Chemist: 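Pasting a structure here, questions to come.
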Protein chains: 2
Amino acid sequence: MKRIADSTIRRLSLYLRFLEEFEARGLSTISSDELAARGGTTSAQVRKDLSFFGSFGKRGLGYSVPELSSRLRKILGLEREWRVIIIGAGKIGAALAQYNGFAERGFRITAIYDNDPRKIGRDVDGLTIRALDCLPTDRESTEAEIAVIAVPASAAQATADLVVDAGIRAIMSFAPRRLTVPEEVSVKMINMAMELEGLSFALTNRGSA
Amino acid sequence: MKRIADSTIRRLSLYLRFLEEFEARGLSTISSDELAARGGTTSAQVRKDLSFFGSFGKRGLGYSVPELSSRLRKILGLEREWRVIIIGAGKIGAALAQYNGFAERGFRITAIYDNDPRKIGRDVDGLTIRALDCLPTDRESTEAEIAVIAVPASAAQATADLVVDAGIRAIMSFAPRRLTVPEEVSVKMINMAMELEGLSFALTNRGSA
DNA sequence: TTATGTGAACGCATTCACAGCC
DNA sequence: GGCTGTGAATGCGTTCACATAA
């Protein structure tokens, strides 16, 4: 398969959301124009994004809503459930464990870890916080596929190494640090403070920018 | 000022973090190469990013750590404190209110709002959850500059409209929906479920991608 | 000699425009 | 006629390479 841009994948996710809304409303077809309007992009962009994966539409008509959403779910790998573990039971980690938005999208949180003895054994939304040392053995049985790293920046790289050694190939990290990982491991960074700084920049330079 | 790419601003944020670490360790100069290595980019990229704003280095020597970090703080608008309000006291909103990472970077959370009567009046980390209706009048006195939208997707646009009407010009949204706002309003989207879907895609198509 | 600053070259994502099919 | 699918054109961020200054 040809290399696909990250931005394309992010848009596919977005299209799928709209398709699911349309599906819920019982609509049967949709045009690239309608998808584009909802996603804040152009119809050409929508068609190009889809074209990397095949031809799903009918000329003169548009796309079948159930068919296209099924194709997108397949492309994105969302036909199965993914097992997610959270490392770090601080404010962010604990909030994520309690957040329902992941499960709704097929990402089931199976465990939460920390290395602070005061936190280990405590309960977070039905999950018991486990010692980080347990991770390698735990994984042999649970086979989690995705790790969320929500530890302090200074511990992020060591945590990533541990997670990769345990056989995990996908990481979502909240630490403001670039993680060095083998190339077969995918990493997504989420940095809220950095986004706020982007807003600070925009506010400071508005008018002239 | 010339239009600056988002990616440049995000990298400036990152450089600033490294500079602060260097400053804390008492180092006085740093080269574009060292900054690049830490940030996972190239020295040419670092120099180009900085060149949009001026010439801060000394040829043959590098950059003065305290001077460059001060310049970056000024560029990013981080010499002042920003007042942030959170809309939506659900899992995400409440977690953000308790999270210390923002205050550390100069973003002070001054209020949290919800429109669920059962939540209004409750306390979250020292802040009392206020009725959403209070926002317009509150803002006249508090003059918050940034709003974090952590409401369900279906309410996101209405919330954005309310916030914009109240005079706020910067929004960080956690709702998986494109927000339509006047062009003078800056919006940053954070969508964790979408990032997870990106990982799902990578895992599903690994090897062939 | 060393490392910055920057115009020029490059590569890649987006946009255009139209041929192709319903 | 309407809308998709796609090569070609465009625009833009990144990389290169070297003149410039310490």
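Note that the structure is predicted; figures quoted are calculated from it, not measured. Letters A, B, ... mirror the listed sequences (proteins, then strands); counts begin at 1.
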Chemist: OP1 or OP2 of dG5(D) less than 4.0 angstrom from a side-chain nitrogen or oxygen of Y63(A), does that happen here?
Modeler: yes
Chemist: Decide yes or no for Y15(A) and T41(A): does some side-chain heavy atom of the first lie under 4.5 Å from some side-chain heavy atom of the second?
Modeler: yes
Chemist: Got L76(A) and I9(A) here, is their nearest side-chain heavy-atom distance under 4.5 Å?
Modeler: yes
Chemist: What's the CG-C1' distance between L35(A) and dT4(D), to the nearest Å?
Modeler: 13 Å
Chemist: With a 4.5 Å cut-off on side-chain heavy atoms, are L179(B) and V185(B) touching?
Modeler: no
Chemist: Going 5' to 3' through nucleotides 12-19 of chain D, assign each nucleotide B (protein heavy atom under 4.0 Å from a base atom), S (under 4.0 Å only from sugar-phosphate atoms) or - (no protein heavy atom that close).
Modeler: -SSBBB-B
Chemist: Are the side chain of Q157(B) and the backbone of T180(B) linked by a donor-acceptor contact shorter than 3.5 Å?
Modeler: yes
Chemist: Heavy-atom distance under 4.5 Å between the side chains of E197(A) and R17(B), does that happen here?
Modeler: yes
Chemist: Quick check: do R11(A) and K48(A) have side-chain heavy atoms less than 4.5 Å from each other?
Modeler: no
Chemist: Could you point out which residue of R169(B), R139(B), R108(B), R80(B) forms a salt bridge (Lys or Arg N to Asp or Glu O under 4.0 Å) with E145(B)?
Modeler: R80(B)
Chemist: Mind checking which nucleotides bracket the chain A contacts on DNA chain C, 5' to 3', with an atom under 4.0 Å from a heavy atom?
Modeler: dA13(C) to dC22(C)
Chemist: Round to a whole Å and report the spacing from CD of E34(A) to P of dG2(D).
Modeler: 15 Å
Chemist: Are side-chain heavy atoms of F107(A) and L78(A) found at a separation under 4.5 Å?
Modeler: yes
